[in-house]
**Student:** 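Could you have a look at this structure, given as structure tokens, before my questions?
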Protein chains: 2
Amino acid sequence: MAAVDLNTHPGHLARRLQQAHSLLWGAMVSEEITSPQFAVLNALVEKPDIDQRTLSEHVHLDRSTIADVVARLVRRGLVERVRDPHDGRRNVLKLSDEGARLHRKLVTRTTRMNRVFLAPLDEDEQETLLRLIGRVADAAEELRG
Amino acid sequence: MAAVDLNTHPGHLARRLQQAHSLLWGAMVSEEITSPQFAVLNALVEKPDIDQRTLSEHVHLDRSTIADVVARLVRRGLVERVRDPHDGRRNVLKLSDEGARLHRKLVTRTTRMNRVFLAPLDEDEQETLLRLIGRVADAAEELRG
DNA sequence: GGAAAATGCTCAGTGCACTGACTAATTCTT
DNA sequence: AAGAATTAGTCAGTGCACTGAGCATTTTCC
């Protein structure tokens, strides 16, 4: 029957937004490292020596997904992963020197990129957009843990 | 050095939003069909007999991605794909009866789901959120056609 | 009519993201 | 102290999404 207007569907718009973002990321920030990988580096700057589970809560990623992302960062020498001697279940994570250096470099670039990405909106609208997305995401994540 | 607050990063928020959405989709709409697959069905209701490239513009998905999604829908008997006799490069796509039936069923469910998803916001805020995301996504997609 | 350009699709490769099933280690209970 | 429950991580499987390379088929331009 009647088709629906996908532009009134937040899921569809969210996908488009994320996609557009990751394209711009590749162009303006880095082709070597992705936005989720940066999120992990950033979390480790804020909280060194955490395990994967804590990390996954922090960046809102699944524990399997975290394992993948961390594995890639380890492979590139940006993160070190060691078994916790006090609790043999945990992997303790920390940035390598190179990881810390890269993070520093990318912080300024991401700031610049965010400015470009949000340029079509004025200051108030930018603030509103971030706040509203945050509220919806928080509430939806609340629904299932 | 100083870590950044990821909640001021639209890309990170967009990913969270999309993720939260797809979780709710699985719970409230369907575990069999995904939101991108629904987008394709919906596009074919609106414009039957289009080729994959037109479809990809319509739902804002890459040509390779479209090929994957369509292949899954074909495998499930929801979409028919035939080589265009007038232009041997094109695949002409159309919904099967079952695809059309499923689309009808899902339209009502997606409407309900969107209501729940956006429930933390009032009417004005919902409208604002969709409008602002649309503007940012449009502009970013504009940058790289 | 034939070479060159453009178009539509496919395929391989990489990365994100989930679920569900499994293993291993720790903690809790009795 | 032994068995049960919880917790952390891994692994296989599926799906979305891109890039870049390649193939076949038009279309365009001489």
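Residue numbering restarts at 1 for every chain, and letters A, B, ... go by the order of the sequence lines.
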**Student:** Please report, to 0.1 Å, the donor-acceptor pairs under 3.5 Å made by any side chain of residues 25-33 of chain B, with sequence neighbours excluded.
**Tutor:**
residue, atom, partner, partner atom, Å
B/W25, NE1, B/I33, O, 2.8
B/S30, OG, B/E32, N, 2.9
B/S30, OG, B/I33, N, 3.0

**Student:** Using 4.0 Å as the upper bound for N to carboxylate O, is an ion pair formed by A/R16 and B/D138?
**Tutor:** yes
**Student:** Strictly below 4.0 Å: does A/R76 bring a side-chain N or O up to OP1 or OP2 of C/dG15?
**Tutor:** yes
**Student:** In the 5'-to-3' direction, what one-character label does each nucleotide of nucleotides 17-24 of chain D receive under the scheme B = base within less than 4.0 Å of a protein heavy atom, S = sugar-phosphate only, - = no such atom?
**Tutor:** BBBB----
**Student:** Rounded off to whole Å, could you give me the CZ-to-C1' distance for the A/R90 and D/dT6 pair?
**Tutor:** 12 Å
**Student:** Rounded to whole Å, how long is the line connecting atom CH2 of B/W25 with atom P of D/dG15?
**Tutor:** 15 Å
**Student:** Identify, between B/D84 and B/R75, the residue whose nearest nucleotide on DNA chain D lies closer to the 5' end.
**Tutor:** B/R75
**Student:** Is there a side-chain contact between B/L44 and B/K94 (heavy atoms, below 4.5 Å)?
**Tutor:** no
**Student:** Quick one: list whatever passes salt bridge (Lys or Arg N to Asp or Glu O under 4.0 Å) with B/R135, sequence neighbours left out.
**Tutor:** A/E125
**Student:** Picking from D/dT10, C/dT10, D/dA8, which would you name as closest to the side chain of A/A67?
**Tutor:** D/dT10
**Student:** Tell me, do A/R53 and A/R63 make a side-chain contact under 4.5 Å, heavy atoms counted?
**Tutor:** no
**Student:** Atom pairs, N/O to N/O, protein against nucleotides 1-4 of chain C, distance under 3.5 Å?
**Tutor:**
none

**Student:** Would B/L55 and B/V45 show up in the same hydrophobic cluster when neighbours are defined by side-chain heavy atoms closer than 4.5 Å?
**Tutor:** yes
**Student:** Assign each of A/P85 and B/R83 to its nearest nucleotide of DNA chain C by heavy atoms, then name whichever residue's nucleotide is nearer the 5' end.
**Tutor:** B/R83
**Student:** Which of residues 47-56 of chain A sit near DNA chain D, with a heavy atom under 4.0 Å from it?
**Tutor:** A/D51, A/Q52, A/R53
**Student:** Going by side-chain hydrogen bond (donor to acceptor under 3.5 Å, both in side chains), name the residues that satisfy it together with A/E127, two or more places apart in sequence or in a different chain.
**Tutor:** A/R131
**Student:** Under 4.5 Å between any side-chain heavy atoms of B/Q18 and B/H21, yes or no?
**Tutor:** no
**Student:** Grab the CG-P distance between A/L93 and D/dA8 for me, whole Å please.
**Tutor:** 13 Å
**Student:** Could you walk me through whether B/D87 and B/R89 pass the salt bridge (charged side-chain N to carboxylate O under 4.0 Å, His left out) test, one step at a time?
**Tutor:** CA-CA 5 Å; B/D87 186 340; B/R89 294 168 300 183; 2.9 Å; yes
**Student:** Looking at every non-hydrogen atom in both residues, tell me the closest pair between B/F117 and B/A20 and how far apart they are.
**Tutor:** CE1-C, 4.2 Å
**Student:** Does the side chain of A/N7 pick up a donor-acceptor pair with the side chain of A/H12 at under 3.5 Å?
**Tutor:** no
